[in-house]
Enquirer: 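I have a structure here, written as structure tokens, and I will follow up with some questions on it.
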Amino acid sequence: MVKVSVVGAKGRMGSHVVAAVNGADDMELALTLDAGDDLTRIDRSNTDVVVEFTVPSVSLGNVLTLIAQGVDVVVGTTGWTDEKLAQVREAIANGPRPSDQKVFIAPNFAISAVLADYFATKAARYFESAEVIELHHPNKVDAPSGTAIHTAHGIAQARKDAGLGEVPDNTETDGGSRGQVVDGIHVHAVRLRGLNAHEEVLFGNAGEQLTIRADSFDRGSFMPGVLLAVRKLAGDAPTGLTVGLDNFLDL
Ligand SMILES: NC(=O)C1=CN([C@@H]2O[C@H](COP(=O)(O)OP(=O)(O)OC[C@H]3O[C@@H](n4cnc5c(N)ncnc54)[C@H](O)[C@@H]3O)[C@@H](O)[C@H]2O)C=CC1
Ligand SMILES: O=C(O)C1=N[C@H](C(=O)O)C[C@H](O)C1
């Protein structure tokens, strides 16, 4: 049995993870912690893998604490930058298990979103224009979404690899309506009651358009991916830091 602790256990995602772990035959729920709880209660004696879904402002600190506790960590919280990822790698290297500790971070655990992101990186080289629209529930605290930022970076890298230049855009006045520019890709965020988590990637050439869309209607859609990540960390996942569920899929 894989012993799984959950940090952010009272949250929208954390409470789903608690239920999913309780429903998994090969997992045993260990500690469930939330804001104000002492994360050093989690250690190798009670936990194999921790699942962390909190808020972007605290997630790095939590992950560094959990690395120091010597446990493997699956992270779903957003807000990761190259600088923060570098701090995670450094903490693993200087932590108690430098040669075999595993940390996994995924901007999105839903198969539809992971595939949309993957297909977008494949399509990106064939189109002159590309924009990303993400649409979420209004309780979300960060914008644009971690997934949309990840998608934009992937599209930008694919365009760069293919030798494409900047996306065409003759806008002269912009009061913010052109969205946030991530790596040269415009990303737009919608917050609307009734939505859960959705993303559209728009590609355009003269006379044609491709739209790739992923919809998570329910938080249950993230749970197979979370459980897959827990199993991989308890099994044959690479040591060190891995980013993105595509690493655990046969794409
Ligand atoms: N990777 C993925 O597939 C998904 C990622 N997310 C991301 O997961 C994060 C959480 O989302 P929700 O569950 O909707 O948010 P939420 O606000 O419902 O839950 C966050 C929980 O973290 C707790 N928390 C705050 N500070 C804490 C601390 N220092 N230590 C421990 N717990 C603390 C809060 O009390 C709350 O219970 C967000 O960054 C969101 O974007 C959400 C859905 C899917
Ligand atoms: O806050 C959410 O709800 C979600 N957050 C993640 C993100 O920011 O990409 C994943 C998914 O979109 C749901």
Side-chain angles (χ1 to χ4, degrees), residues 5-20 31-42 47 50-66 69 71 73-81 84 103-117 120 132-154 180 182 187-201 213-230 242-249:
S5 288
V6 181
V7 174
K10 292 181 181 167
R12 288 179 288 269
M13 285 299 291
S15 52
H16 271 78
V17 174
V18 168
L31 300 178
T32 55
L33 304 184
D34 204 274
D37 292 335
D38 179 7
L39 264 53
T40 63
R41 286 171 55 204
I42 297 176
T47 301
V50 181
V51 180
E52 205 267 10
F53 276 98
T54 60
V55 286
S57 55
V58 305
S59 186
L60 172 64
N62 286 348
V63 172
L64 297 183
T65 299
L66 294 166
Q69 292 300 106
V71 289
V73 195
V74 168
V75 187
T77 312
T78 48
W80 293 92
T81 59
K84 288 183 178 182
V103 176
F104 175 72
I105 300 175
N108 205 306
F109 285 96
I111 187 72
S112 55
V114 176
L115 288 177
D117 197 75
V132 179
I133 307 171
E134 56 93 332
L135 311 91
H136 280 83
H137 58 91
N139 297 322
K140 184 167 176 57
V141 296
D142 55 320
S145 71
T147 308
I149 292 171
H150 190 257
T151 305
H153 284 310
Q180 181 176 329
V182 178
V187 179
H188 311 268
V190 175
R191 296 292 174 265
L192 205 66
R193 186 69 70 201
L195 293 177
N196 184 36
H198 317 261
E199 181 174 296
E200 272 189 13
V201 187
R213 179 169 172 124
D215 296 281
S216 275
F217 299 111
D218 186 275
R219 290 187 179 83
S221 63
F222 303 112
M223 293 307 117
V226 172
L227 296 184
L228 170 65
V230 169
T242 304
V243 179
L245 196 70
D246 50 312
N247 289 286
F248 296 157
L249 302 175

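Just so you know, ligand 1 is whichever comes first in the structure, and atom 1 is the first atom listed for that ligand.
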Enquirer: Return yes if some donor-acceptor pair links the side-chain N/O of Asp38 with the main-chain N/O of Thr40 below 3.5 Å, else return no.
Expert: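 Yes; judged by distance alone, with no hydrogens or angles, the pair exists.
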Enquirer: For ligand 2, indicate whether the residue Thr78 contacts it via side chain, backbone, both or neither (heavy-atom separation under 4.0 Å).
Expert: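 Side chain only; the backbone of Thr78 stays clear of ligand 2.
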Enquirer: Between Arg12 and Asn139, is there a side-chain heavy-atom distance shorter than 4.5 Å?
Expert: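 The answer is yes; the side chains approach within 4.5 Å.
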Enquirer: Are the side chains of Val182 and Val132 in touch, meaning some heavy atoms are under 4.5 Å apart?
Expert: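 Val182 vs Val132: side chains apart.
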Enquirer: Main chain of Asp218, side chain of Ser221: is a donor-acceptor contact present, judged purely on distance under 3.5 Å?
Expert: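 Yes; judged by distance alone, with no hydrogens or angles, the pair exists.
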Enquirer: With atoms numbered from 1 as shown, which atoms in ligand 2 lie under 4.0 angstrom from a non-hydrogen atom of Ser145?
Expert: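 Those of ligand 2 that fall under 4.0 Å from Ser145 are 7 (C), 8 (O), 9 (O).
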Enquirer: Keeping the roles fixed (side chain from Ser15, backbone from Gly11), state whether a donor-acceptor pair exists under 3.5 Å.
Expert: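 Present.
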Enquirer: Is Ser216 touching ligand 2 with its side chain, its backbone, both, or neither, if touching means heavy atoms under 4.0 Å apart?
Expert: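 The answer is neither; Ser216 stays 4.0 Å or more away.
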Enquirer: Counting only nitrogen or oxygen atoms and a 3.5 angstrom limit, does Ala148 reach ligand 2?
Expert: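 Between Ala148 and ligand 2, no N or O pair is found under 3.5 Å apart.
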Enquirer: Side-chain contact, heavy-atom cut-off 4.5 Å: Val63 with Trp80?
Expert: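 They are in side-chain contact.
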Enquirer: With a heavy-atom distance limit of 4.0 Å, tell me whether His136 approaches ligand 2 through its side chain, its backbone, both, or neither.
Expert: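 Near ligand 2, His136 shows its side chain, while the N, CA, C and O stay back.
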Enquirer: Could you tell me whether a side-chain N or O of Thr77 sits under 3.5 Å from a main-chain N or O of Thr54, the two making a donor and an acceptor?
Expert: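 Present.
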Enquirer: What protein heavy atom sits nearest atom 5 (N) of ligand 2, and how far away is it?
Expert: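 Here the closest protein heavy atom is Lys140 NZ, 3.1 Å.
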Enquirer: Return the option from Ala113, Gly146, Pro56, Gly11 holding the heavy atom at the smallest distance from atom 7 (C) of ligand 2.
Expert: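 It is Gly146 that holds the nearest heavy atom.
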Enquirer: With a heavy-atom distance limit of 4.0 Å, tell me whether Ala197 approaches ligand 2 through its side chain, its backbone, both, or neither.
Expert: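 Ala197 to ligand 2: side-chain contact only, backbone stays beyond 4.0 Å.
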Enquirer: Consider only side-chain N and O atoms of Glu134 and Thr147, and report whether a donor and an acceptor are under 3.5 Å apart.
Expert: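 Distance-only check fails for Glu134 and Thr147.
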Enquirer: Is the shortest N/O to N/O distance between Thr147 and ligand 2 below 3.5 Å?
Expert: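 The answer is yes, given that Thr147 and ligand 2 share an N or O pair closer than 3.5 Å.
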Enquirer: Nearest 0.5 angstrom please: Ser145 OG to His136 NE2, how far?
Expert: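 Taking OG in Ser145 and NE2 in His136, the distance rounds to 4.5 Å.
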Enquirer: Does a donor on one side chain and an acceptor on the other come within less than 3.5 Å for Asn247 and Thr242?
Expert: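 Per modelled atom types, Asn247 and Thr242 side chains form no pair under 3.5 Å.
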Enquirer: Report the nearest protein non-hydrogen atom to atom 10 (C) of ligand 2: residue, atom name, distance rounded to 0.1 Å.
Expert: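 Heavy-atom neighbour on the protein nearest atom 10 (C) of ligand 2: Pro107 O, 3.4 Å.
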Enquirer: Show the protein residues that qualify under the rule heavy atom under 4.0 Å from an atom of ligand 1, listing them in chain and number order.
Expert: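 Residues near ligand 1: Val7, Gly8, Lys10, Gly11, Arg12, Met13, Asp34, Ala35, Phe53, Thr54, Pro56, Val58, Asn62, Gly76, Thr77, Thr78, Ala106, Pro107, Asn108, Phe109, Lys140, Asp142, Phe222.
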Enquirer: Among the heavy atoms of His137, does any lie under 4.0 Å from an atom of ligand 2?
Expert: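 Yes, His137 has heavy atoms under 4.0 Å from ligand 2.
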Enquirer: Which of the numbered atoms in ligand 2 are below 4.0 angstrom from a heavy atom of Asn108?
Expert: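 Listed by number with element, the hits are 10 (C), 11 (C), 12 (O).
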Enquirer: Would His137 and Asn196 count as having a side-chain donor-acceptor pair, cut-off 3.5 Å?
Expert: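 There is no such pair (donor and acceptor under 3.5 Å, judged by atom type) between the side chains of His137 and Asn196.
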Enquirer: Hey, are the side chains of Asp246 and Asp117 touching, using non-hydrogen atoms and a 4.5 Å cut-off?
Expert: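 Asp246 vs Asp117: side chains apart.
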